[in-house]
Amino acid sequence: MATDWKALEDAEDHAYFMAELMDISPESFTLEEKKQILHDMIASSSAIENAMRDEFAELDEVTQTRLIDGLAADGPKSREWWYKVLVDGPRHRDFPTLTDGPRRKR
């Protein structure tokens, strides 16, 4: 089954958009609404990461190695960090692991 990346990204974008609105006007949201927004942020980011790990797991070992090497070469994260995120630990996680702080704007 193919991953619907557009739907996953749209859900994450919406969750973070709502968080930005809440940040601008916190008095406009109830405590329950704020909790739901936080939950949606965590769930949508985790869903993207879990789908990414699922697709990564379907690759052969050589392709996995090349992908991790390429990610490490192109970005600020080390090969060990990418290995930890994509291979080590459970494949499906309840909390996002890719972010080290606030979500970057696209």
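Positions are given from 1 along the sequence.
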task = Considering only NZ, NE, NH1 and NH2 on the basic side and carboxylate oxygens on the acidic side, decide whether Glu49 and Arg53 come within less than 4.0 Å.
result = yes
message = Please determine whether side-chain contact (heavy atoms from CB on, under 4.5 Å) holds for the pair Met52 and Trp5, giving the CA-CA distance in whole Å, both sets of side-chain angles, and the decisive distance to 0.1 Å.
response = CA-CA 9 Å; Met52 181 181 65; Trp5 288 103; 4.0 Å; yes
request  = Decide yes or no for Ser44 and His14: does some side-chain heavy atom of the first lie under 4.5 Å from some side-chain heavy atom of the second?
outcome  = no
ask   = Heavy-atom distance under 4.5 Å between the side chains of Asp88 and Glu80, does that happen here?
value = no
key: side-chain hydrogen bond (donor to acceptor under 3.5 Å, both in side chains) involving Ser25 - partner list, sequence neighbours excluded   = Glu27, Ser28
For residues 35-42, run the donor-acceptor check on the side chains, cut-off 3.5 Å, and write out each pair with its distance to 0.1 Å, sequence neighbours left out.
residue, atom, partner, partner atom, Å
Gln36, NE2, Asp40, OD1, 2.6

task = Identify the heavy atoms of Ser78 and Ala72 that sit nearest to each other, and give their distance.
result = C-CB, 3.9 Å
message = Strictly distance-based, threshold 3.5 Å: is any side-chain N or O of Asn50 a donor or acceptor partner for the main-chain N or O of Arg93?
response = yes
query = For atom NZ of Lys84, is the number of surrounding heavy atoms from other residues, nucleotides or ligands below 6.0 Å larger than 12?
reply = no
task = Report the distance from atom NZ of Lys34 to atom CE of Met18, rounding to the nearest 0.5 Å.
result = 12.0 Å
ask   = What's the spacing between Tyr83 OH and Asp69 CG if we round to 0.5 Å?
value = 12.5 Å
query = What is the minimum heavy-atom distance between Trp81 and Thr97, and which atoms define it?
reply = CZ2-O, 4.0 Å
inquiry  = Arg66: which residues meet the side-chain hydrogen bond (donor to acceptor under 3.5 Å, both in side chains) condition with it, sequence neighbours left out?
reply    = none
key: pair Val87-Trp82: side-chain heavy atoms closer than 4.5 Å   = no
request  = Evaluate the side-chain proximity of Thr3 to Asp54: yes if any heavy-atom separation is below 4.5 Å, no if none is.
outcome  = no
task = Flag the pair Leu71 / Leu67 as yes when at least one side-chain heavy-atom distance between them is below 4.5 Å, and no otherwise.
result = yes
query = What distance do Glu33 atom CD and Met22 atom CE have between them, rounded to the nearest 0.5 Å?
reply = 10.0 Å
query = How far does CG of Asp10 sit from CZ of Phe17, to the nearest 0.5 angstrom?
reply = 13.0 Å
